[in-house]
Amino acid sequence: MSPSRSIALAACAVCTALAWVFFASSDLAPSSPPDPNPAARATTGEPSVSTESTNAEPSAPERHASAVAKETALEGAHEIRVVVSDTQEPVADAVVSFLPEGFDWQLFVERRTGWTETEREAELRRLRWHVRTDADGRCRVRAARALVLASKDGSFGRQYLQPDRPTVVALRVDRTVNVLAIEDSGAAVAHVEVMARAGDQRKWSLGRTDIDGRLVLSHVQEWAGPPPARSRAIFVRHAGGETDPVAVDPGAPPAEVVFRLPSCGSVAVHFRDGAGRPLDPEYGPLSSSGSFRQASLSTWWREPLSSAEAPERTVAARVDAHGDAIFGGVPFGLQVMACTTGNGLHSAVVQGPTMANPRVDITISESPDTVVLTGLLLGTDGVPAAYARYLVDHGGGGVGSGVSDSDGRFRAALTRLPEALLATLTFRVTGRSFADRSAVELEPRLLVRGENDLGEIRLADEVVLLAAKLVMRDGGDPLPFHMYVQRRIDGRWTTVSATRAWDPSGAFTFVGTAPKGTPMRLVVEAAKFLPIEPIEFVAGTTGIEIPVRRGGSVVATFLVDGSIRTERLELRCRNTDPAATPIEFVRVLEAGAIEEFIQRPPPDGRLRRAWSGLAPGSYRVQALYGGSPVPIAEVNGIAVAEGPCRDDRLEAIDLRGRAKAFTILVTSQDDAPITDPFAAVIVRGDREGWCGYGIRNGTAEVTAAHPVDLVVVADGHETAFVSAVVEARTIVLRRAARQRVRLELPRALPEGATLHVQVTPRVEVDEAFVRIDGRPGVRFAEVAGSTLSFDGARGMEMPVRVPGEHTIRAHVDLRGSTVRVRVEPATVVLPAAAELLLRAPDAEWERTGAARK
């Protein structure tokens with residue numbers, strides 16, 4: 001995927017998330033989906049999410065439910081009072097509608113995912129109970145901690161239950177507004193979103209137009225809120241932008257609001273599996289996050305030219321039961337991109353609707369090489385596990401996830417696989433509490449590309465793998481360290497997906513699926529404490545204690561001034577015992593990321609650095625600068641025991657004036673300055689980190705305290721190695737020789753695939769990591785090497801930036817997964833006298849997992 005596609009895909013997810021944020025923060029959402037957690041919003045004054053009207057006379061089942069509700073209106077039930085909004089007079093014989101106590105909103109949302117708004121509203125009307133107010137406008141109900149509705153004689157009101165006082169529902173004359181969306185030609189525009197905006201610019205969705213371009217907005221009088229009445233602006237959001245807003249007075253709204261859109265068409269997005277069959281969003285990869293049932297459409301008036309160009313507009317639509325999402329109101333002449341966050345599904349960019357082709361169909365399919373697991377999840381009681389959130393671990397460092405459908409069916413697309421396809425699958429279903437978990441570990445089986453039907457999978461309660469307790473030997477409350485359990489698989493320790501419960505006393509429990517007696521080990525990562533060696537145990541072990549000690553600590557204060565750029569400063573504290581653990585060091589990079597990291601010199605010129613969790617011994621503190629391996633200051637023989645170390649030499653380590661800046665001018669052989677944006681001057685350090693300076697307009701400002709060895713890299717030029725530089729210098733780069741490379745494959749690449757060939761020089765320092773201007777470190781061999789990307793063409797030229805021996809590696813990038821390719825020859829000497837011929841002799845690709853971009 002190109003950078004522009006990646007940015008656009010991220011923008012799709014961001015805009016979808018923002019739409020929900022706007023909705024959640026609005027003060028009324030008359031036609032939005034049911035609130036997944038109304039109990040948490042009961043006292044926040046956030047909007048209702050149910051739209052059913054209660055003006056109609058209750059049906060016979062409703063009257064029966066009302067009688068039951070009255071019989072259960074015991075002490076402790078909620079008190080409701082219904083009044084007229086303007087006068088606060090009580091309203092007798094008003095119908096109060098509510099959801100009964102114990103109603104599970106989360107389950108309702110999960111089971112009704114994919115329903116239309118009309119279907120949801122009808123179901124909510126069926127589930128609601130009703131009672132009537134007495135002569136004083138009062139009634140008592142045992143209701144779920146959510147919204148209550150009240151109505152009488154064409155008036156309507158609603159309010160969240162108030163847990164600590166009577167809930168007052170104010171009735172206003174019920175108002176309805178009809179919205180119509182049409183083109184300039186008068187044709188109806190279906191499937192466009194009608195939005196509302198409050199005075200503070202918050203926006204929320206009111207619903208989508210139907211096939212006739214209409215949407216009915218009920219109860220708009222509630223937009224007024226408390227006096228004085230507040231207007232609301234409504235508008236239509238479509239794929240090309242937004243219409244002009246129309247102000248709606250909630251006290252006297254218009255009967256109809258008409259929005260006119262430019263000439264437009266529609267986009268239909270079809271989600272299909274590797275065999276071309278519709279993907280059911282109820283349990284397919286579209287639901288891998290547990291609740292995702294939407295697709296996004298991004299649009300541009302022209303296709304992005306760079307990764308910096310974000311999509312101009314992103315809209316969302318629900319994926320229906322047939323795996324289709326329909327977007328209406330797409331103006332003619334747009335570029336469109338459809339995307340989803342489902343496993344194994346990616347974006348597609350096409351020309352949008354035109355006058356000649358008003359409807360565009362986009363099909364987004366899984367790769368035929370995707371491994372898909374299907375089957376039926378059964379609970380511990382043997383009953384199908386409906387709407388169960390599951391994780392499936394195939395033991396190779398990757399996990400699939402999803403939600404089963406109403407019949408317990410599941411479909412998990414695995415896009416990351418181990419090199420061997422013989423996998424041990426573990427299914428784990430997570431409930432709403434730590435105790436509500438079940439899992440099963442299947443026998444090893446061979447997974448093939450395409451569909452793998454696992455049949456019925458019966459879950460069992462997870463067993464205790466380890467019950468232990470952390471004991472703080474130095475006092476204080478136990479901390480919840482990062483811990484994980486490993487199991488020996490194929491002769492090596494592999495982290496298993498075990499779950500853990502933590503108690504403030506320091507006790508913790510790991511549960512999982514390993515049979516009792518299985519050899520395992522616990523890994524504890526206790527930062528700032530003495531290292532804890534992995535603890536081996538067998539599954540089912542309980543009652544062990546793990547002592548934790550803080551160890552020693554060292555605090556050093558460094559005196560700095562304007563000559564010291566802290567982003568180039570590296571501070572180390574190392575144990576001088578040859579048998580000690582590896583060096584601890586930190587490069588000063590970003591403010592606030594970790595307390596030890598600082599971006600700029602402190603105002604008082606005193607830079608404080610602390611190390612903790614040190615084992616007893618003799619230590620050395622060093623300050624290195626500008627990437628040079630020679631320290632500009634160091635303190636030796638620091639004795640560390642338990643607790644803080646007291647050493648007067650650490651209180652003021654003077655770094656002031658010890659470094660100077662000088663300019664390196666980099667030109668080509670024709671004296672033209674190097675303008676490559678990725679060119680850099682690199683100071684050679686040790687293997688723990690090299691420091692690079694980007695070249696701007698042919699120059700780089702280097703700071704150093706000692707003579708430094710430099711490496712200069714620029715695209716299209718040979719890499720220069722210069723020794724013992726301590727002052728301004730001009731470095732001339734020679735133009736790199738061009739090497740012709742031809743590729744022979746035994747068969748054509750799959751559609752949409754690209755073969756990448758990495759050519760890296762074999763130099764003495766190829767494994768050193770380089771950090772240029774604070775960016776993430778990369779191997780020097782990658783900086784000085786080249787990557788060739790072949791799709792349809794079979795020949796390409798590349799610059800030879802470091803003459804000599806090179807290694808050749810290759811892989812195919814196919815829809816997010818990597819297929820390693822064995823290329824011959826594996827090593828070459830460049831530049832070669834003639835064309836370099838590379839061959840891939842194997843006809844079968846070797847799957848190695850997902851690509852890392």
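Within the 4.5 Å cutoff, the side chain of Val757 has no heavy atoms near those of the Val741 side chain. A heavy-atom distance below 4.5 Å is found between the side chains of Phe529 and Leu479. Counting heavy atoms from C-beta outward, Glu525 and Tyr484 have side chains that approach closer than 4.5 Å. Side-chain contact between Val712 and Ile695 is present, with heavy atoms from C-beta onward closer than 4.5 Å. The closest side-chain heavy-atom distance from Leu614 to Asn575 is not below 4.5 Å. Using a 4.5 Å heavy-atom threshold, the side chains of Arg649 and Ile638 count as touching. You'll find the side chain of Ile664 stays beyond 4.5 Å of the side chain of Tyr693, heavy atoms only. Leu569 has its side chain within reach of Leu607: a pair of non-hydrogen atoms, C-beta onward, lies under 4.5 Å apart.
How far OH of Tyr619 is from CG of Asp577: 9.0 Å, rounded to the nearest 0.5 Å.
Identified under the salt bridge (charged side-chain N to carboxylate O under 4.0 Å, His left out) test for residues 717-733, with sequence neighbours left out: Glu718-Arg734.
Residue Gln486 places its CD atom among more than 12 non-hydrogen atoms of other residues, nucleotides or ligands, all under 6.0 Å distant. Around atom CZ of Arg620, more than 12 heavy atoms belonging to other residues, nucleotides or ligands sit under 6.0 Å away.
Distance alone, capped at 3.5 Å, is enough to place a donor-acceptor pair between the Thr576 side chain and the Ser618 backbone. A donor-acceptor contact shorter than 3.5 Å links the side chain of Gln351 to the backbone of Leu334. No donor-acceptor pair under 3.5 Å is formed between the side chain of Arg606 and the backbone N or O of Ala652.
A salt bridge between Glu824 and Arg839 is absent, with no side-chain N of the basic residue lying under 4.0 Å from a carboxylate O of the acidic one.
With sequence neighbours excluded, no residue forms a side chain to side chain donor-acceptor pair (under 3.5 Å) with Arg735. Applying the side chain to side chain donor-acceptor pair (under 3.5 Å) criterion to Asp670, with sequence neighbours excluded, gives Ser668.
Partner of His806 under the side-chain contact (heavy atoms from CB on, under 4.5 Å) criterion, chosen from Thr827, Thr760, Val828: Val828.
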